[in-house]
Amino acid sequence: MISNTGMTDKDIMMGVLGDYKLAIDALSHAATEAANESLKRDFINALNSTFEEQKQVWNAINQRGWYSVKPAQLQEIQETKNKFRQPAGVM
C-alpha cells in the first residue's frame, strides 16, 4: 500500500527498522559509558527492550519477503565463532 507521502509499507517498515538500529547503537554506547550503576542498568534494560522490539519489526519485514537472509554455511559460522572467541586486546 502507498501512503499519502508516496511511501510504501515496505519503505515505512524499513525506516522503522533503521530507527531501531540507531537506537540500539545509541543505547549500547550510553550503557558502555555510564559511570552510575543505576543509570547503566536502566540503559541496559532499555537496550534489551529495544532489541526485542527490533526483532518483532524484523520478523514482520522478513515474513513479507522484504528482508530475506541467506543461510550461513556451517564453515562460516564456525570461523566467526572462532574469531570472537579470541580474547580482546591480547598481544
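Remember, predicted model here, so these are calculated numbers, not experimental data.
Evaluation of the side chain to side chain contact (heavy atoms under 4.5 Å, CB included) rule for A60 yields M13, R64 as partners, not counting sequence neighbours. Not counting sequence neighbours, the partners of E79 by the side chain to side chain contact (heavy atoms under 4.5 Å, CB included) test are Q75. Not counting sequence neighbours, the partners of D11 by the side chain to side chain donor-acceptor pair (under 3.5 Å) test are T8. Scored by the side chain to side chain contact (heavy atoms under 4.5 Å, CB included) test, A72 finds E76, I77 as partners (sequence neighbours excluded). In this structure N59 satisfies the side chain to side chain contact (heavy atoms under 4.5 Å, CB included) test together with K55, sequence neighbours excluded. Listed by chain and residue number, nothing satisfies the side chain to side chain donor-acceptor pair (under 3.5 Å) test with N45 (two or more places apart in sequence, or in another chain).
Put simply, NZ on K21 and CH2 on W58 are 10.5 Å apart, with the number rounded to the nearest 0.5 Å. Within the model, atoms CG of D9 and CD1 of I61 stand 11.0 Å from one another, a figure rounded to the nearest 0.5 Å. Once rounded to the nearest 0.5 Å, the distance linking CD of E52 with CD of Q54 reads 11.0 Å.
Chaining together hydrophobic side chains whose heavy atoms lie under 4.5 Å apart places L47 alongside I24, L27, L39, F43, F51.
Follow the hydrophobic side-chain contacts under 4.5 Å out from V69 and you reach Y20 in the same cluster.
Counting only residues at least two apart or in different chains, side-chain hydrogen bond (donor to acceptor under 3.5 Å, both in side chains) contacts with residues 27-42 are absent.
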